Each structure stands twice: as structure tokens, then as C-alpha cells.
Amino acid sequence: MYPNPAPVLRARGVDVRYGAQLAVQGADLTLMPGEVVAVTGSSGSGKSSLLHCLAGVLAPAAGSVSFEGREYGALEDEELSALRRERFGYVFQHGELLPELTVEENASLPLRLAGQRKGPAHRAATPVLERLGMGELVGRRVSQLSGGQAQRVAVARALVHEPAVVFADEPTGALDSVNAAAVLDEFLTLARGRGTAVLLVTHDEGVASHADRRYVMCDGRISLGRGVPSPATGEATARSAS
Amino acid sequence: MTPLALGLRLVLRGSRATRVRFLLMTLGCALGVACLAAALSIPAILAAHDGRAAGREVQGGPSSGALFLERKDPFGNRPLTRIFISPPETGTVPLPPGVARVPRPGEVVVSPALGDLLAERPALKGALPGRVVDTIGPAGLTGPQELYAYVGRTRAQLPPDEARPLGGYGNRWTAPDEAAIDDGTVAPLRFTLCCLVLLPLFVYLSVCVRLSAEARSRRLASLRLLGLSARDTMRVSAVETLCAAAVGAVLGVGLHLLVNAWVERTGWVGLAWYPADGLPSVWTLAACLLGCPALAYLAGRRHAKEAALRPLAVRRQAQPGKPRRWLAALLVLPGLGIVTAYCVLGVVGVHVEPSAVTSFLVPAGAQLTGAGIVLALPPVTAWLAARVAATTQRLPLTLAMRHHETTPGAALRVVSGLVLLVYAASLTQGVLVELDQVSRRTAPNQEYEVPLRQVTPEQRTAMVKTEGISGNAVAAEVPSREGDILFATCTELEKLATPGTVRGCVDGRPLALHDPFAHTEDTKQPGTTHLVKLRDEAGQEAGSARFTVPEETVTFAAVQPSALSSALLLVPPKTLPPGVHPAHARLVLSGAPEPEAVQATLDRLAGIAPTAQIDPVGIVIESLRQLSIVKGLLGTGMVLGLVIGVAAFLVSATDRAMDGRRRTATLTLLGIRTRTLRAAQCAQVLLPLAVGIGGALVAGRLAESSYLVTGGGAVFWDGEGLPLLLLSGLGVLAVAGLASLPMARRHLDPELLRRD
Ligand SMILES: Nc1ncnc2c1ncn2[C@@H]1O[C@H](COP(=O)(O)OP(=O)(O)OP(=O)(O)O)[C@@H](O)[C@H]1O
Ligand SMILES: [Mg+2]
């Protein structure tokens, strides 16, 4: 099913610290191309911290993270920025859209940042927005949208440049269950259709059930599958699963 | 919990950012209040100066039997006043203000500054014969730097034809040449200073009370959503600004008092005053200590209105309501109308006399235009930004323009201080041009006259050779007092006369002088003989010389005004035996006409001969001093305005960058390039600033010209300052653009992505 069996993202023995507190401890994780992986766990278990680390936002206190075999630690700030710009997409809980831009401008922002002109960028964003049911609202300001609509724009922005990985932190956390299910469904369908891998962080079992594979976090430790903590075996199991 | 307690708690227990903001607000208010107190104290300082000047004026009258003689000479560029008093044999002499005892013959009472000067230059003793017995107290002086003396003389020592009976001291009005600044200048000066200092100050204060506007609004909106009433939400917001303004006001008044005390020792732009003169009046204190906090309270309440009335929208970071266009239009249209109307009158050539109407309309028009420009900035730039954002292909521009479009008010706070400054600078230019027209000398050189018997031959040689003196001659008065005989060579005459006007000059023999622009008199008739008494270097009489007006004539044009206007005869200096010179003669020197050069030359000449009476022909030393005070005040105003404008810009630009950190974090997450971020930041600052400065330059130009048209001067359109203004406008733009760059840094704080 996957042309390239090498993992697109790999974390090994990652620690995340906030001062003295160890929020993530020795996390191993792999993400194969096109795969949807969920990380679940209770509040405060360290999910967001791990995601930020994998997305290159936070530097790990120990261990390493690599994308397509390139370790973050060895990259210049400019290279890491380019990676985030061209190969990653993001959907966060509060959307993290720019409220003053229009729907269309927000959705096409990654293409513009990559250097595309306005016209082609907007034309590329239109079908994605239409798929998400936002075709009517392209000219609206994001500040004039409902929560569900804004989250759809965030999804469109995360996928428009066909990134290798989308990082999603509680992508539907701010929505009611009906809306949440709809948005998540559209999000994952689009991502799968484009062969984009998704790392989905959530505390919601219902959301996690959409994933191909699941990790569970508990007090900063990560384990594969349902509830059984076995931190050291993460990588081997992942490989056998794919 | 009452709103007051809640507000205080938010200030005291707030995060570091809250405390930094509180500190900035407090310091900002302190600086502002200090400037305000200073500006409000100026009239009192001037009034005190003028009041004491009037109070010590010597009045003639027969009441006491004493005689007096008043001498006012320039010492460098400062006037030195000496009152010679000769007491009667019996009876008492009225006591001048600030003096404990009238000096008896052989005694001198001096002002402290003159006392210091005497210690520094003993040569000055010659001008103040006698023993210094006392100093004049503040009641008898206009300021601590004044040079003033009462000199006791015997009746025989006073020249009988000049001394007058002494009646008393004090006049109800200040003599125009004694006033700190003459009446005609006070009104435009006050107006310009207001524009220069108070307008940017107002902007600055409003910047200070609205720091971290977005973050604070969101916090207030949360409180409102938690169930605080709209009124209480506004009060909570107002408590913070009130506290900052109250503390700042006290600090500011303290700062003013400090500067005030410091000025007595150092003087300020040629105007030094006693600390008591600059003490803030009750009204000033009320304006500073009550007015500013009250304004801050209102501003704080207004600031929270949006959060109180539309908390949901604020929490969701929706755009604020549309800026009010009608208010800007209401101010700008009549303002520009008045100003343009006068300009049109000027262009058409209609002569507008200065009158009560113009002196009200022109300042009103200028103020309305200035305020209107600032208020018109948000709607105009927001409209422009929307147009640019819709059409541009550049991402940085799109980002900047969209951001500006939704927060034109914040952009306004960033730039309006600088815009107003440019506007005010343009107006100041007008005032300076007009002052210059009044005082500007069109003559190609400036002459100085020194009575020849007051200088030794060495001093005379030194004066002729001193830096800045280009020409010299000796003018001897003929006994009939109808004109002068000029002892000079042809080269010297050429240096003294208007360049290129000397015709028919031959060295070596006496020639008749003819100035076609001066009145011709009989004494120039050929054949008239003039007798000139001579003296040797020791001052002893040395016979006389006789000169007859010959047929041969030199024509020349004297500069206006000139010591040469009354010259009848040009005589070669070699005609007189060596070591002998005319008894009643003046040394005429000439130098460059620029005011700075004149002052420097006066200083140098006074250094050579401290007691000589050096008369800069056509210049009243008092008006020179007044002019330098006025220019100094305006310059200080410009500097204060610049400091305030730049402070307002930096504070609000930093604050805006802080407010936008979340936005920057999002863009950094998406991998924006640093240069894109910088370009966006730059564009965001430059668009409103460029529009504002452009508008300010045009409107300022119009206002300046309308001021000149109605000022009674001859020049309406002064192009001289324009390149400088344009350059400074561009400079402001460049500096602001550069200053905005360091604030645009990529930073990715996960906190900003995670928390609301
Ligand atoms: N900036 C920080 N400074 C100190 N501790 C932090 C910081 N951010 C997170 N933590 C701590 O790290 C731990 C993990 O936090 P994290 O946000 O990763 O949890 P989470 O699993 O995402 O929780 P949730 O489901 O509520 O979002 C928590 O105990 C939290 O208190
Ligand atoms: Mg989380």
C-alpha cells in the first residue's frame, strides 16, 4: 500500500522538560507515510508537549526527532523553518488562523509563504475549501466565522500545500460533537486522499477511533496500543504493524 | 469585590508584562506632566520677569535731589545696565528694589552675575568705578543671569548734560526693550509651543494609557463574560490608568520642580529665571495633579467600552467598529477651508492685514487641521490598506495591509506623535520665517562703532585684526555735527560700502563722498572747509587739522543702516601725523551680517575692550537677545516634541509588537521567512506614517503660508525650509522603518499557540 516503507517521522527516547518537570519521558514514536496515528491520554499527560517536539516547535531535552532521516538537531533554523513551511501542516485547537485575513487568504497562506503568486495560490485553495463546504465563504474574514467554519479553514490550510505530515492538536476540541465528527471526517478523508500522514493528538476516544494506529500517553510515558505501558517496544511494534 | 479593589489587584498581582506596562504608563505620564507643567509655567515666568523689570525702572522727578544717569551697553551679546546715582548733600535717596543701601560715591552695588563676571575679568572694573559693597537681591533683577549695577558718583563725576534728577523707581508698564519677549511675539510663540509640545504630548499620553490594548481588552472581556457589569468592567479598566496617571503626575511635578531649580544655575536658552518664578501655580497644579488623572480615568473607561459592550467579539479578536469618519471630516474640512482660503488670498495678491479675526482664525484653522489629520488617518489608511491588500501580489504587503485594516486605531497611536511633530515643525518654520523677516538684515555686512577715545591703540589694532572683522575706518565728526570725515583708503571704503558701488576713488588725496541714496546737504558743497580737533595717544590735545571739500567726488552706496551714511569726505589715513587721531571720532568696523556671526563678533570685541561702548549699527541688543530667546524656546519645543514623538512611537510600536506576538508565533509555526516578517512589519509602520507625514507636510505648508499671509510680512511662500522639511520627513520615515525591524523577530513560544 505504501510505496516507501521508511518512516516519515521518527522520535527516539525523547524527553521534554519544563524546568525541573519532565513532561515527556523517553518517548519513541514512528509515523509512516500516509498513516493516521492518534496519541491519546488524559489531560496533562504530555501529549501537546510531545507534538510540539515532533513538529520542531520545542527542542527535546534528550533523544532525537528526525524527518525523512534528517535530524532536527542538525538543522539550521532556516532549514527547520523551510521544513515547517513546505512539508508540515498544522491544525490546532484554536485554529491559529490570522483573524484579519479572509478565508481564502488564510487557506492559501502556506502556498504564498512558499513563494506562489496570489492567483494560483487562491485557485489551488478553492477546491479544498469547496470540499470542506466553505466554497461560499471564501471572501469572509475569519473573525466573522463560527468555530466549526474556522476549524474547516484551518484544515484547508493544513492540507493545501500537500504536506508530508499534518500535526493536529485537539483539532476538534472547540467544537460540539456533531460538528467535531463532521470536520474530523472531512479532514481525514482529504488527508488520506492526498497521501498525507497525520499525527492526531486528542483526549477523545471517539476521535482516536478514526486512526490507523494509536499511542497512549500516561504521565509523560508513551506506549503503543490500548493502555498497556511498554515504552521500549514502540518502534519494533510499529514496524510489524505496517 | 469592588471594581476598585479588583482593578488594584489586577495591577499589583499581575504578570511581569502587566507591571512593565504599569511602569511605562507611569513614566510616560511623569514625562508628559513635567512638560505640561513647564509649558504652563512659561507665562508666569515671563510675567515675573517683566514685572520686576517694570518695578525697578528709574523715574525722573524732582522729589529727592539726587541725580542719575542710565547706561545700557552690550557686553558680548548680553546687555549690561549701569545706573549711576549721585546722592544730594542732604536728604535720602529712594531705594531701588532689591538693594539694601544706595551706593555712595566710590561704591558699587552689582548683580550676582555681574559680580562673578568682575571676578573673571578685572578689566571690567573700568566700567564700574568704585568698591563693590553689596549685591542686588532677586527683587531688583529680572533673572539670575542679568548684568546690572548701581554706581555711586559725585555730582561732578556725572556729565552735567546727561544726568537727570531722580524721582523714584517703578513703572506700571514694562518698557518694550526690557520685556523678556515682546508682546507681538508672545501669542504666536505660545501657539507654536502648544502645537509643538502639547499635541504630541496628548498623543503620547493617550498611547501610554492604552498600552497592551488588545491583551487588556481580552482580559476585561473575560471579566465581563464572567458576569461583571458593563459599568464595573469600565471602572476596573479605569483604575489601572488612574493609578498610573496619579503616580505619574506626582513624579512629573517633582521632575518639573527639579528642572526649575536647576535652571537658576545654568539658564535656559538665554532666559534664566528664579525658581520662585517657575513654581507651578494653583491652576497648573490642579491641571497636572487632578486634570491628568481625571483624563486618564476617562480614557481608561473609554478604552474598556468595547470589551464591556461586545465581550464576545473582543475575545474572538473581531475587528473593532469602523473608525468615525465624520469627526475627522468635521475637523479637517473647516480647518483646511480656513487655511486654504487665506492661501488663496495670498496667491491672488489680496493684502490681509493682521487683525483680531485673523489672529483667531489662523491658529484655529491650524489646530483643527492638525487634529483632523490625525483623526482622519485611521479611516483613510484603512481604506487605502483594503485597496492595497486586494490588489497586491506581495505577501508581506497583504499581511501588513490586512492587519492594518482591522486595527487602524493601533496604527494611529504608533504614528500620530511623529505626524503631529512634522506638522508642527512645518508651522514653526513659518514663525521663524516671519521672525526672520522682522530681524533679517538684507545688508551685505554689519557695522560696529566704537568711540575711539575708549580704546587704546593696542586694543584698536586687535579689534581691526580680530576674526570676523573685514573692514575698518575712522569716522570723525565735524564740529558742526552735520556729517563725518572718513579716514580710510579706497580698499577700506570698498570693504565698508555695498560691494561694487564705489566709483572714482583715487588713493592719496581727499575726495568728496557722494551717496546717491542718502540726503545731500550743503556741507558737501565743494569748497566748504571743516576743522577737526586732534589728540595724541595720551589723550592730550594735539592741535587741529583743516579739510576742504574738493571737486573730485567718489560715489558709493552705504549699506543700510550704516555709520557711513553721513560721511562727507574721504581722507587718506596717512594725512594725519602718526600717533595722532581726531578727538571726536569713532572706529567703524564691519563684518558678516548673519546673526550668529554678529553675536560672535560682539563677544570677541567685548573681550578685547570690556569697557568700550560697542555699538552694532542698526541692531538693538535687546531685540537680538529676545530673538535668541524666542528661537531657543522654539528649538527647545522642537526637541521636546521630537523626544515625545519618538518616545510615543517607540513605546507604542513595541507595545504593538508585544500585542502581535501570538500572530507572529502562528506565522513562525507556518515557517515564515524572517525577511517576509520584516517586510510586513516595515510596511505596516510605513503605510500610515507615509500617508500621515505626506498629509502633515502639505497641510503644514498651507497652514504656514496662511500664517505668513496674515502676518503682515512680505514673504508668503518660503521655499528655503522646504528641502529641509522634506528631508526630515523622509528621515523620520527611514528611521521609523529601521526602528521597526528589530521588533520583527521570528519566535515560537508554544505557550502562545496553546493558550488563549
Ligand atoms: N510551559 C510550561 N511550563 C511548565 N510546565 C508545563 C508547561 N507546559 C506544560 N507543562 C506541564 O507539562 C505537562 C504536560 O503538558 P501538556 O500540555 O503536554 O499536556 P496535554 O497532554 O496536552 O494536556 P491536555 O490534554 O490538557 O492538553 C503538564 O503537567 C503541564 O502542567
Ligand atoms: Mg494539550
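As a basis for the values below, the full set of heavy atoms in this structure was taken, side chains included, without hydrogen atoms, waters or symmetry mates. Keep in mind it's a predicted model, so treat the numbers as computed, not measured. Each chain gets a letter, A, B and so on, in the order the sequences are listed, and its residues count up from 1.
- Residues His52(A) and Val16(A) are not in side-chain contact: their nearest non-hydrogen atoms beyond the backbone lie 4.5 Å or more apart.
- In this structure, chain A has a heavy atom under 4.5 Å from the backbone of Thr391(B), while its side chain stays farther away.
- With hydrogens and angles ignored, the 3.5 Å screen pairs no side-chain donor or acceptor of Gln21(A) with any backbone N or O of Tyr18(A).
- At distances below 3.5 Å, at least one donor-acceptor pair connects side-chain atoms of Arg152(A) with backbone N or O atoms of Leu132(A).
- A donor-acceptor contact shorter than 3.5 Å is absent between the side chain of Glu162(A) and the backbone of Thr196(A).
- Heavy-atom neighbours of chain B within the stretch residues 71-83 of chain A, taken at a separation under 4.5 angstrom, comprise Asp77(A), Glu78(A), Ser81(A).
- When side chains are defined from C-beta on, His203(A) counts as touching Lys47(A), because their heavy atoms get closer than 4.5 Å.
- Sequence neighbours left out, the pairs with a member in residues 116-169 of chain A that pass ring-ring contact (aromatic ring centres under 6.0 Å, His included) are Phe88(A)-Phe167(A), Tyr90(A)-Phe167(A).
- Within the 4.5 angstrom heavy-atom criterion, atoms from both the backbone and the side chain of Leu113(A) approach chain B.
- Phe92(A) places a side-chain heavy atom less than 4.5 Å from the side chain of Leu51(A).
- Between chain B and the options Arg84(A), Glu105(A), Arg85(A), the largest number of non-hydrogen pairs under 4.5 Å is found for Arg85(A).
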For this session: Test His404(B) against Thr381(B) for side-chain hydrogen bond (donor to acceptor under 3.5 Å, both in side chains), laying out the working first.
Result: CA-CA 8 Å; His404(B) 178 81; Thr381(B) 53; 2.8 Å; yes
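- Looking at Arg394(B), only its backbone comes within 4.5 Å of chain A, counting heavy atoms on both sides.
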